[in-house]
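Following: one structure in C-alpha cells, then a few remarks.
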There are 2 protein chains.
Amino acid sequence: MENVRVQVEPRDVLAIPHFASLTEAEAATVAPLLRCQRLAPRGRLMTEGEPCAGFYLVRRGTLRLFRTAPDGREQTLRIVGPGETFGEVPVFDGGPNAASVEALEEAVVVLVPAAVAQVLVERYPAVARALLRHLAVRLRAFNELVEQLSLQTVQQRLARYLYTEARETGQLTAEGVVIARRLSGQDLASLVGSVREVVARSLRALEDEGVIAVERHRYVVRDLEGLRRYL
Amino acid sequence: MENVRVQVEPRDVLAIPHFASLTEAEAATVAPLLRCQRLAPRGRLMTEGEPCAGFYLVRRGTLRLFRTAPDGREQTLRIVGPGETFGEVPVFDGGPNAASVEALEEAVVVLVPAAVAQVLVERYPAVARALLRHLAVRLRAFNELVEQLSLQTVQQRLARYLYTEARETGQLTAEGVVIARRLSGQDLASLVGSVREVVARSLRALEDEGVIAVERHRYVVRDLEGLRRYL
DNA sequence: CCCCGCCCGTGACGATTGTCACAGCCCGCG
DNA sequence: CGCGGGCTGTGACAATCGTCACGGGCGGGG
C-alpha cells in the first residue's frame, strides 16, 4: 500500500487541469496554500447548502456528487475519479455548496481554497480560460443529463450508461466487452435517476434481449451495436 | 411601435452583464464587432449540434432554450428575457451549439461573436470573472433542474414554477397574487418536463386544493404559503 | 357575421415507474 | 467456521405519467 503524501507539492498543483499552464516556480508558490485530505469509504466531504471551502482535485479513489430529496431519494450528478476536479460552482458564484460529495471508496483529495482560486484567475488569463472551459464542459454535460432524465426511459438511460462504460473502460474478450461492476445497485440507480428495483428489471430486460449478460461482478456487452440502438 | 436600432452602440455593449466593467471608450471599440438580429415569433435562432456563432444578449422579447428528443418531445432548459445572455457554452468549450433557441414572441438579440468574447476574456480579468460567475450560476440552476426532474412529481414542479412566478412577476390583488399566463400550455409543459395534458390536470388538482385559480389569461395564487408546501 | 385554425380541458386507457416485502447469496469479521 | 449485515433479484401492487381522441372556446381574417 502506497504511503500517501500529506504535503502538497508543485506537481500536485500542475496535476490540476485548470493550473496546468503554470510554471514550476509558480506552482511552487501555490503548493503550500493547498490542503490534502483523506477520505474513508462512504466518507462525506461536502454537504449541499453548507458554506464552501473551495474546489477539489481527486488524487486517488472515486467520489460521487449528488442531490438529496426530502424523502431521502438521491440523484447522482456525477462520479469523479483521479485527475478530475469538482466543487467550482460556489467558488465562482459565491453561494453555498451546490451538491453533496461522498467517497465511493478510500480516496485522497486536494483542496484549492476559494480565495486561492480567485487570485489565480485574476493573475493568469490561462487559468481563467481553463476554468471557463471546464465550467462550459460541465454545463454541456448537464444539458445531456437534463435531456435524458426528461425525455428517456430508465432502460434507455441504463443502456447509455453501459454503452459509455463499454467504450471507456470495457475490455474486449471472446464473450464480448467486459465491464467491471464498480457501483452498487443503489448507486447505479441514483446515477440513472431511478430506484434499484427498476434498474435490476431493466438490466434483466436488456439481458433477455440478448445484448448484455449480467454477472455478479461484471456486465458483458454481447452486442455493442444492439446496445447503441436503445439510445 | 419603437423603431429598433440595427446598429450596436456602446450602451448595448455595457448592457451585457459580462461586459459591464468596461469603460465607455472600451465599449466603443467593441460595439462595431457585435451584430443585432431581429426574430419573428417562433423564429429559430440556433439549432443544437450546429456550429456556434457566439453568445447572445436579449435586447427585447423572450426566447426559449430547449433540447429535442428523436420522437419530437422537447425539454425547455431555460426561458430568457431582456438583459439576459445565453449560448456561452460552445464559445468556451469549442463544441457545437448545446441547445436550440427559438423566440416566443418578436425579439431582438445582440450577437457577441466567439472570437470577440475570447479576446475580451484574455484582456480583461473582470470580464473573465463575470463570465465565470455567470457559468457557475447557470450550473447551479441546472443542478436544481436535474434534481426536480429526477426527484419531484410534475405537480411539484408546476407548483415551484407558479411559486417562483408569483414572487418574481406576480401582482398582489384582493383575490391573491395574479400571474399573467405568458406561456402556452405546450410551452409550460416542456418547461416542467411533461406533456400539456398532464400539466392541465395538475393545474386542475392545484385548483381543487384551493391554492390557485386557473383562468384563461392568468393564474391567481390564493394561498402562496399553501403553494410553497408542495415544493 | 361566419368560418377556420389553434389551443385547451377532459376522460379512457396503457405504459412506466416506484413501493413494499421477502428470500437468497456473498463477504467480512470474530 | 459460523453468523450477521448488506446487497440483490423478483413479484405483487399502487401511483404517476403519457397517449389518444374528442368536443368546445377563442381569436383573427374575410
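Just so it is clear: chains get the letters A, B, ... in the order the sequence lines come, proteins before strands, and each one is counted from 1. Not measured: the values here are computed from a predicted model.
Interface remark: the E197(B) side chain does form a donor-acceptor pair with the dC20(D) base, using a distance-only criterion of under 3.5 Å. Counting atom types as modelled, R201(B) pairs a side-chain N or O with a base atom of dG11(C) as donor and acceptor under 3.5 Å.
Atoms CD1 and CZ, from I212(A) and R204(A) in turn, are 11.0 Å apart once rounded to the nearest 0.5 Å.
Residue contacts for Q155(B): at a heavy-atom cut-off of 4.0 Å it reaches no nucleic acid atom on any strand shown. Note on R196(A): a base of the nucleic acid sits closer than 4.0 angstrom, heavy atoms only.
Nucleotide dC17(D) holds its P atom 13 Å from the CG atom of L151(B), rounded to whole Å. Distance CD (Q152(A)) to P (dC17(D)): 19 Å, rounded to an integer number of Å. Atom CG of D208(A) is separated from atom C1' of dT10(D) by 13 Å (rounded to the nearest Å). One can place CD of Q156(A) at 16 Å from P of dA15(C), the figure rounded to the nearest angstrom. In this structure, R204(B) places its CZ atom 18 Å from P of dT16(D), rounding to the nearest Å. Remark: P of dC25(C) and CZ of R181(A) are 16 Å apart, rounded to the nearest angstrom. In this structure, L206(B) places its CG atom 15 Å from C1' of dT16(D), rounding to the nearest Å. Atom CG in L183(A) sits roughly 10 Å away from atom P in dT8(D) (whole-Å rounding).
The pair E175(A)-R218(A) counts as a salt bridge, with a side-chain nitrogen and a carboxylate oxygen less than 4.0 angstrom apart. Using a 4.0 Å cut-off between charged side-chain N and carboxylate O, E105(B) and R42(B) make no salt bridge. Salt bridge status for E88(B) with R138(B): absent, with no side-chain N to carboxylate O gap under 4.0 Å.
The side chain of R73(A) has dT19(C) as its nearest neighbour among dT19(C), dT16(D), dC8(C).
Checked against the 6.0 Å centroid threshold, F92(A) and H134(B) do not count as a close aromatic pair.
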When you look at R64(A) and E74(A), which way does the salt bridge (Lys or Arg N to Asp or Glu O under 4.0 Å) test go after all the steps? CA-CA 11 Å; R64(A) 172 178 87 108; E74(A) 293 172 348; 2.6 Å; yes

Report all interatomic pairs (protein N or O, nucleotide N or O of nucleotides 26-30 of chain C) with separations under 3.5 Å.
unit_1, atom_1, unit_2, atom_2, d
dC27(C), OP1, H217(A), NE2, 3.3

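In this structure, R73(B) and G193(B) approach most closely via the heavy-atom pair NH2-O, 4.1 Å.
OP1 or OP2 of dG18(C) sits under 4.0 Å from a side-chain N or O of S194(A).
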